[in-house]
Undergrad: 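Before I ask anything, here is the structure I am working with.
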Amino acid sequence: MEREPTRNLALDLVRVTEAAALAAGRFMGRGNKEAADKAAVDAMRIVLNSMDINGIVVIGEGEKDNAPMLFNGEHVGTGKSGPELDLAIDPIDGTRPLADGRSNSIAIVAIAPRGSMFNPGPFLYMNKIAVGPEAKGTIDIERPIIDNLNAIARAKDKKIEDITCVVLDRPRHIDLIREIRSAGARIRMIPDGDITAAMMTAWPDTGVDVLFGIGGTPEGVIAACAMRAMGGEIQGKLFARQEDELRRAREMGYDFTKVLTNADLVSSEDVFVAATGITHGDFLQGVRYLSDGAETESLVMRGLTGTIRQIKATHRWDKLRRLSAIDY
């Protein structure tokens, strides 16, 4: 059935992530996570509020560490005549790597029709597994690690010894790391940035096959939006740090035993995602500052079509500073 093409909002959305990356990139290696986050949030908010959308922030980053944030429930956009949308926002995925001057820090925003994104409420941690298109449909977060590794290896026509797993470098992953090592797979430890890590499983030439481990629930929702366009798969289960958290979850109607699939995390395929590199990474180059401007690299994704665009942009300070309220 033929349909008229709808407007690709991701092409507007990339202005949001470019602004955040340009503002936050100044703080690379300066050891100040809060200042970098504030710069990214302020820049994102200004550009989002210029878009002709009626948006509500469902996923706002910063809550679990009291960083500056676009808060959950905040209305963004002109709100006049645009579409009603959910937004999932991470002004900086990889705040610590940015502050330390390390790789794979990005700015990312996802949008989807109103009511289609999973709202984690106060439950901020999730156990996850994510793979790219070749291994889609073969994973099961409730199966042992060795079973998932065998399934991924078969799907990708590899030996387990050639599979590379990404895991957040956290004490809570000691047992997980032991299991992966016992199976014989390779491990790449990362300090932060598991949205980027999930996307790496679905992007050619990163050398990453699977993401395992407990990370942020907000990041899981954003990754699910990206996987809609990239053809990969993510599964998750809410993770409780304390018994009191489980009690609160039951009272609020959350099920910590339920496997959350891609469709649970974002129920619509009509998603748009934009991501811009802040520091140099595996699939996005970071901001490069010039004497009279800067260069950025972004990915722009659309779930309905599966189209992914790589955008390299040159920004001129003399023109931007005349037009924008953002302090670049």
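Computed from heavy atoms alone, side chains included, the values below leave out hydrogens, waters and symmetry copies. Throughout, residue positions are numbered sequentially from 1 according to the sequence presented.
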Undergrad: Does atom CG (Asp244) have a neighbourhood of more than 12 heavy atoms from anything else shown, all under 6.0 Å?
TA: yes
Undergrad: Would you call Arg45 and Glu74 a salt bridge, using N to O less than 4.0 angstrom?
TA: yes
Undergrad: Do other residues, nucleotides or ligands put more than 12 heavy atoms under 6.0 Å from the CZ atom of Arg321?
TA: yes
Undergrad: Any donor and acceptor pair, going by atom type alone, linking the side chain of Lys128 with main-chain N or O of Gly216 inside 3.5 Å?
TA: yes
Undergrad: What distance separates Ile234 CD1 from Arg228 CZ, expressed to the nearest 0.5 Å?
TA: 12.5 Å
Undergrad: Would the distance check show the side chain of Asp86 and the main-chain N or O of Met117 forming a donor-acceptor pair, the cut-off being under 3.5 Å?
TA: yes
Undergrad: Using the side chain to side chain contact (heavy atoms under 4.5 Å, CB included) definition, which of the options Leu176, Ile163, Val167, Val166 pairs with Ile187?
TA: Val167
Undergrad: Check whether any side-chain heavy atom of Ile278 lies under 4.5 Å from a side-chain heavy atom of Ile92, and answer yes or no.
TA: yes
Undergrad: Under the salt bridge (Lys or Arg N to Asp or Glu O under 4.0 Å) rule, what do Asp192 and Arg170 come out as? Steps first, then yes or no, please.
TA: CA-CA 9 Å; Asp192 286 288; Arg170 300 288 188 274; 2.8 Å; yes
Undergrad: Is Phe239 close to Thr217 at the side-chain level, that is, under 4.5 Å between some pair of heavy atoms?
TA: no
Undergrad: Taking Ile141's backbone N and O only, do any of them form a donor-acceptor pair with Gln235's side chain (distance below 3.5 Å, no angle check)?
TA: yes
Undergrad: Determine whether more than 12 heavy atoms belonging to other residues, nucleotides or ligands lie under 6.0 Å from atom CG of Asp318.
TA: yes
Undergrad: Are any of the side-chain heavy atoms of Lys158 and Asp209 separated by less than 4.5 Å?
TA: yes
Undergrad: Examine distances only and state if a side-chain atom of Asn49 and a backbone atom of Gly77 form a donor-acceptor pair shorter than 3.5 Å.
TA: yes
Undergrad: Do Thr17 and Thr276 have side-chain N/O donor and acceptor atoms under 3.5 Å apart?
TA: yes
Undergrad: Is there a donor in the side chain of Thr307 and an acceptor in the side chain of Arg302, or the other way round, less than 3.5 Å apart?
TA: no
Undergrad: Give me the atom names and distance for the closest heavy-atom approach of Ile222 to Ala88.
TA: CG1-CB, 3.5 Å
Undergrad: Would you call Glu251-Arg247 a salt bridge at under 4.0 Å N-O?
TA: yes
Undergrad: With a 4.0 Å cut-off on N to O distance, would you call Lys33 and Asp100 a salt bridge?
TA: no
Undergrad: A side-chain contact here means heavy atoms from C-beta on lying under 4.5 Å apart; do Asp147 and Asp140 qualify?
TA: no
Undergrad: Has Met51 got more than 12 heavy atoms of other residues, nucleotides or ligands less than 6.0 Å from its CE?
TA: yes
Undergrad: So Leu149 and Phe212, do their side chains get closer than 4.5 Å, heavy atoms only?
TA: yes
Undergrad: How long is the gap from NE2 on His315 to OG1 on Thr296, to the nearest 0.5 Å?
TA: 3.0 Å
Undergrad: Can you tell me if His280 uses its side chain to pair, donor with acceptor, with the backbone of Ser103 under 3.5 Å?
TA: no
Undergrad: What's the shortest heavy-atom distance between Leu98 and Ala36, and which atoms?
TA: CD2-CB, 3.7 Å
Undergrad: Less than 4.5 Å apart, side chain to side chain, heavy atoms only: is that true for Asp264 and Phe118?
TA: no
Undergrad: Taking all heavy atoms of Gln285 and all of Glu297, pick out the closest pair and write down the distance.
TA: N-OE1, 2.6 Å
Undergrad: So, Asp282 versus Thr206: side-chain donor-acceptor pair below 3.5 Å or not?
TA: no
Undergrad: Is it the case that atom CZ in Arg143 sees more than 12 heavy atoms from other parts of the structure closer than 6.0 Å?
TA: yes
Undergrad: If you compare all heavy atoms of Met44 against all heavy atoms of Ala20, which two are closest, and at what distance to 0.1 Å?
TA: CG-CB, 3.6 Å
Undergrad: Could you tell me whether a side-chain N or O of Tyr125 sits under 3.5 Å from a main-chain N or O of Ile214, the two making a donor and an acceptor?
TA: no
